[in-house]
Amino acid sequence: MKSKSSTKVSAKWIFIFSTCSFFLGMMFTNKLWVPLESNNQLITLKRRDQEELQITSSDCSTEIKKSRNQDRDVVNEVYKTHEAIQSLDKSISVLQMELSVSRKSHEKMKTNDDSSSSASSIRKKAFMVIGINTAFSSRKRRDSVRQSWMPQGEQLRRLEQEKGIVVRFMIGHSATSNSILDRALDSEEAQHKDFLRLDHVEGYHELSAKTKIFFTTAVAKWDADFYVKVDDDVHVNLGTLAANLARHRSKPRVYIGCMKSGPVLAQKNVKYHEPEYWKFGEEGNKYFRHATGQIYAISKDLATYISINQPLLHKYANEDVSLGAWFIGLEVEHIDDRSMCCGTPPDCEWKAQAGNVCVASFDWSCSGICKSVEKLKFVHEQCGEGEEALWNALL
């Protein structure tokens, strides 16, 4: 009986053993699950980081796109501002030119004593003023022009009143006051009333000066949209010329003609010799682009510019080169209109039959129509636009 009682475990020790086993089990369980939980936490954290990076990167890309769009908007605004400034500059220059002309006209009106001369100095409104360059010795050429493309008498006055087209022969005076040449011209003027007399001494080598004086005189007398210079051995279709110019009416500074760039002739004793050839670079160089001298047109602003700056404009030997040089450095649109330099028949005739009526026709080999006195009427018959084209021209 004694041995049995000794092997029996007391309730106290059972409780202690159970408690220890419980705590050991808890410790063992924590060691197994903590790494699993920490791994899950790490995975979750990584996912969150990736999501945050994606959100951040998308936000960055959105911001970059926004900044790029903002940059484009800024560039567009700068471009628009630049255009607006250019337009404003042009408007200011136009107003300055018109103000200068008005001042000149006002000064002239003040200097005139009697009211009739004061009234005549007021500029008349016109669409275009055409100056036909002529000389004392060119009476037969003038008559051939009058008998072909230039209206006469009442028709000339009607053309000016109804269409605003002024056509005049432009000529200066002789070196000798009241010479026989001047008196003969006075008689011709009394008969036809189609001259614009210039304060200029006539001479072939003074064409550049004559051109300046023509534009200055025309601007002072007429407020026109365009001013045209043409030689007296060139055929012109006035209606077609007017229609062509009307297409450029909204442009502020246009220089219209057959643009060319001929060689600078340094050799003496040749036609069109350029004494100042050295200004154009090495020998063999060409001139800058300019309209051929047989016929060209310039807008009001450019004619006004010549009028205002006449004393400062340099004259080269060739009149067409001089005109082109005066516009270098200005905001001028050069318009190359090949209809202003057609050949004589059959060239202009074929073009007319095809519906492309020429503005002007002449022979390049003669710098005008060869033997124009005899040939101009024939050219007009073959290449003329017809009277209705002039009176029906939409300006």
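The analysis underlying the following values was restricted to heavy atoms, covering all of them including side chains, and did not include hydrogens, waters or symmetry mates.
Nearest approach of His200 to Glu206, heavy atoms of both residues: CE1-O, 3.4 Å. Closest approach of Met340 to Leu241, counting heavy atoms only: CE-CD1, 4.4 Å. For Asp337 against Cys258, the heavy-atom pair with the smallest separation is O-SG, 3.2 Å. Smallest separation of non-hydrogen atoms from Ala242 and Met128: CB-CE, 3.8 Å. Residues Ala325 and Tyr316 share a closest heavy-atom pair of CB-CE1, 3.7 Å. Annotation for Cys358 and Ser361: closest pair CB-OG, 4.0 Å, computed over non-hydrogen atoms.
Phe127 and Phe226 have perpendicular rings, their planes meeting at more than 60° on a 0 to 90° scale where under 30° would count as parallel. Taking the six-membered ring where the residue is Trp, His235 and His380 present tilted rings, their angle falling between 30° and 60°. Aromatic ring orientation, Phe280 versus Tyr287: perpendicular (interplanar angle above 60°, classes split at 30° and 60°). Using cut-offs of 30° and 60° for the angle between ring planes, the His334 and Tyr255 rings count as perpendicular. Classified by interplanar angle (parallel below 30°, tilted 30° to 60°, perpendicular above 60°), the ring pair His290/Phe288 is perpendicular.
With 2.5 angstrom as the limit on SG-SG distance, Cys348 and Cys383 come in below it.
Salt-bridge formation is not detected for the pair Lys193/Glu160: no Lys NZ or Arg NE/NH1/NH2 atom is positioned less than 4.0 Å from an Asp or Glu carboxylate oxygen. Between Glu189 and Arg197, none of the side-chain N atoms (NZ, or NE/NH1/NH2) sits under 4.0 Å from a carboxylate O, so this pair counts as no salt bridge.
The closest side-chain donor-acceptor pair between Asp232 and Thr134 falls under 3.5 angstrom. One side chain, Tyr272 or Ser367, offers a donor N or O that lies under 3.5 Å from an acceptor on the other. Under 3.5 Å, the side chains of His314 and Glu276 contain a donor-acceptor pair of N or O atoms. Counting only N and O atoms by type, the side chains of Thr292 and Asp320 include no donor and acceptor under 3.5 Å apart. Side-chain polar atoms of Ser179 and Asp182 form a donor-acceptor pair below 3.5 angstrom.
A side chain to side chain donor-acceptor pair (under 3.5 Å) with Asp143 is found for one member of Lys140, Arg139, Gln147 and no other, namely Arg139. Considering Met150, Arg141, Arg142 in turn, Met150 is the only one that fulfils the side chain to side chain contact (heavy atoms under 4.5 Å, CB included) rule with Ile132. Under the side chain to side chain contact (heavy atoms under 4.5 Å, CB included) rule, Lys300 has a single partner from Val254, Val219, Asp223, which is Asp223.
Atom CD of Glu387 sits in a sparse spot, with 12 or fewer heavy atoms from other residues, nucleotides or ligands closer than 6.0 Å. Atom NZ of Lys279 has more than 12 neighbouring heavy atoms from other residues, nucleotides or ligands inside a 6.0 Å radius. The number of heavy-atom neighbours closer than 6.0 Å to CH2 of Trp278, taken from other residues, nucleotides and ligands shown, is 12 or below. Sparse packing is recorded around CD of Glu283, with 12 or fewer heavy atoms of other residues, nucleotides or ligands lying under 6.0 Å away.
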Discussion item. As a quick check of understanding, evaluate salt bridge (charged side-chain N to carboxylate O under 4.0 Å, His left out) for Lys375 and Asp363, giving each step before the final call.
Written reply: CA-CA 11 Å; Lys375 196 177 175 181; Asp363 298 310; 3.5 Å; yes

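Under a hydrophobic-cluster definition in which Ile, Leu, Val, Met, Phe, Trp and Tyr are linked whenever side-chain heavy atoms come within less than 4.5 Å, directly or via other members, Leu313 and Ile213 are assigned to the same cluster. Linking Ile, Leu, Val, Met, Phe, Trp and Tyr whenever their side-chain heavy atoms come within less than 4.5 Å leaves Val145 and Val373 in two separate clusters.
For Trp364 and Phe362, the ring centers sit closer than 6.0 Å to each other.
Between Leu302 and Ser299, the closest side-chain pair of non-hydrogen atoms falls below 4.5 Å.
With rounding to the nearest 0.5 angstrom, the OG1 atom of Thr344 is 10.5 Å from the CD atom of Glu349.
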